[in-house]
Number of protein chains: 2
Amino acid sequence: MIKIAIVEDNKIFREALIQLINAQSNMHLVGEFASAEYAVKEIPHILPDIVIADIEMNGMNGIEMITILKHTIPAIEFLVCTIHDNTDMVFDALRAGACGYILKDSGSESIIKSIIELYNGGAPMSPFIAKKVISEFSRPKQNNFHNLLTEREIEILQYTAKGLLNKEIASLLFLSNETVKSHLRNIYVKLQVSNKIEALHKVGLL
Amino acid sequence: MIKIAIVEDNKIFREALIQLINAQSNMHLVGEFASAEYAVKEIPHILPDIVIADIEMNGMNGIEMITILKHTIPAIEFLVCTIHDNTDMVFDALRAGACGYILKDSGSESIIKSIIELYNGGAPMSPFIAKKVISEFSRPKQNNFHNLLTEREIEILQYTAKGLLNKEIASLLFLSNETVKSHLRNIYVKLQVSNKIEALHKVGLL
DNA sequence: CTAAATCTACCCCAAATGGGGTATTGTTTG
DNA sequence: CAAACAATACCCCATTTGGGGTAGATTTAG
């Protein structure tokens with residue numbers, strides 16, 4: 001029996017979800033909330049296995065709610081169910097601790113399947129969301145600054161990112177410290193920054 | 001008609017995959033390779049839509065192969081199909097440019113479904129793999145250094161991570177530069193490092 | 001071939017950072 | 001309450017970094 005709570009401020013969608021859950025023999029609805037504030041207060045007492053959460057809500061949003069609840073009771077799994085597939089929102093939700101992210105237009109069977117997958121330790125996502133998430137890993141590889149920076153400059157930035165001092169990089173590459181410094185200065189001009197950490201930010205190494 | 005190539009050094013599994021693909025009306029097998037070296041040479045000429053790749057192979061492994069081919073022809077999508085669900089291997093594959101990662105014991109239907117999902121722009125993964133990937137995003141949140149560093153120290157490290165100078169942090173927080181420096185020195189001692197970038201590494205902000 | 005870009009390396013100097021102290025003021029906790 | 005911790009802020013001094021040049025050697029591109 002999977003204990004489920006729903007946090008959704010849209011009444012129509014909330015009612016639909018409730019009906020859907022109640023129709024399942026292996027699920028039990030233990031709470032329904034129309035606001036994140038209310039959910040944050042009550043969920044610690046009812047301890048559901050899974051919380052189905054909307055993100056865009058009046059007052060406290062779903063991300064903040066997940067952050068708080070996940071911190072209080074890490075065992076609860078969150079299935080974000082929203083109309084938005086905005087990239088930032090997806091990653092904010094995942095960082096907050098959500099393990100599933102599906103879109104509201106997914107259809108009933110899909111939602112049920114997602115709940116079960118989540119309960120079994122999986123991470124259900126819409127294919128489109130999954131692709132976004134996966135792409136995040138290969139993104140840093142094909143970066144854009146390869147046009148701007150030379151091979152040597154990138155090499156030196158990479159060692160810089162590891163926390164090495166200029167002189168350490170210099171001995172590694174059999175260069176003078178001054179040469180490493182020269183490269184760094186050229187990098188700063190190209191990236192329009194003025195220190196190592198800013199440079200690492202620009203090229204996505206930070 | 002989905003054009004598929006297979007790279008797999010295990011003959012039995014390769015034959016099984018070939019039979020499976022050939023049995024599908026909407027798929028067309030355009031190449032089968034028993035080694036990554038051979039695949040790297042030939043695949044650029046046959047231009048499949050999807051390459052089903054093993055990772056553990058004699059000679060060049062699947063990761064290197066994907067890295068090379070993805071770099072040459074970014075349009076090809078890779079479905080990694082392996083017996084290993086080792087964390088490092090999964091992330092290496094994703095970083096190399098694979099968009100799907102399923103286990104060999106997934107079953108025929110599951111493999112077919114994954115190919116179709118990949119072809120449609122999704123990112124098919126075994127639930128267990130998906131969970132690993134998703135967890136990677138929330139991992140940095142529940143870090144261990146909250147016991148070691150004070151609130152103020154974490155705050156200062158966070159501004160440091162943004163590339164701010166000590167004096168900029170000082171004015172932001174209405175402190176003296178010397179105070180910021182003091183905090184940083186205490187941080188260095190606690191983390192056993194000796195500069196900002198190393199410190200950011202230790203706490204996972206880099 | 002000439003021009004541009006890259007890699008190398010030096011100069012000087014100022015600013016920022018790191019490492020060693022010490023000290024005052026609260027706050028927390030055993 | 002005393003001890004420990006946290007936050008603030010100063011001292012001195014060495015090292016590192018950043019910003020400005022210049023310049024030779026090589027490689028690349030027009």
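Below, all heavy atoms of this structure are taken into account, side chains as well, without hydrogens, waters or symmetry copies. Residue numbers begin at 1 in each chain, while the letters A, B, ... track the order of the sequences.
Taking atom CG of residue B:L175 and atom C1' of nucleotide D:dA6, one finds them 13 Å apart after rounding to whole Å. The interatomic distance linking B:E155 (CD) with D:dA6 (P) rounds to 15 Å, in whole Å. Between the CD1 atom of A:I197 and the C1' atom of D:dT16 there is a distance of 13 Å, given to the nearest Å. In this structure, NZ of B:K167 is placed 9 Å from P of C:dT17, rounded to the nearest angstrom. Between the CG atom of B:N177 and the P atom of C:dT17 there is a distance of 9 Å, rounded to whole Å. One can place CG of A:N186 at 12 Å from C1' of D:dG21, the figure rounded to the nearest angstrom. Between the CD atom of B:E168 and the C1' atom of D:dG18 there is a distance of 14 Å, given to the nearest Å. Look at CG on B:N166: it is 14 Å from P on D:dT8, rounded to the nearest Å.
Taking only side-chain nitrogens and oxygens, A:S176 comes nearer than 4.0 Å to OP1 or OP2 of C:dC10. Phosphate proximity of D:dG18 to A:Y188: present, with a side-chain N or O under 4.0 Å from OP1 or OP2. For the OP1/OP2 pair of D:dT8 and a distance below 4.0 Å, the side-chain nitrogens and oxygens of B:R152 include at least one atom meeting the criterion. An OP1 or OP2 oxygen of C:dC7 is reached within less than 4.0 angstrom by a side-chain nitrogen or oxygen of A:T150. Of the side-chain N and O atoms in A:T179, one or more sit less than 4.0 angstrom from OP1 or OP2 of C:dA9. Contact annotation: A:K181 side-chain N/O to D:dT16 OP1/OP2 distance is not under 4.0 Å.
A donor atom on one side chain and an acceptor atom on the other are found under 3.5 Å apart for A:K196 and A:N166.
Relative to the side chain of B:E178, the nucleotides D:dC11, D:dT8, C:dA9 differ in distance, and D:dC11 lies closest. For A:R185, the listed nucleotide lying nearest its side chain is C:dC10; candidates were C:dC10, C:dT8, D:dT17. Ranking C:dT6, D:dA7, D:dG20 by closeness to the B:E151 side chain, first place goes to D:dA7. Closest to the side chain of A:L184, out of D:dG18, C:dC11, C:dT8, is D:dG18. Of the candidate nucleotides C:dG19, C:dA9, C:dT17, C:dG19 has the atom nearest to the side chain of B:S194.
Comparing B:I156 and B:N195 along DNA chain D, the residue whose closest nucleotide (by nearest heavy atom) sits nearer the 5' end is B:I156. Looking at which nucleotide of DNA chain D each of A:V189 and A:L164 is closest to, the 5′-most match is held by A:L164.
When the shell of 6.0 Å around OH of B:Y38 is examined, it contains 12 or fewer heavy atoms from other residues, nucleotides or ligands. Crowding of A:D105 atom CG: a count of heavy atoms from other residues, nucleotides or ligands under 6.0 Å exceeding 12. Around the NZ atom of B:K132, the shell of radius 6.0 Å holds more than 12 heavy atoms that belong to other residues, nucleotides or ligands. For A:K190, the NZ atom counts as densely surrounded, since its 6.0 Å shell holds more than 12 non-hydrogen atoms of other residues, nucleotides or ligands.
Relative to the six-membered ring of A:F78, A:K70 misses at least one condition, a distance below 6.0 Å or an angle of at most 45° to the axis.
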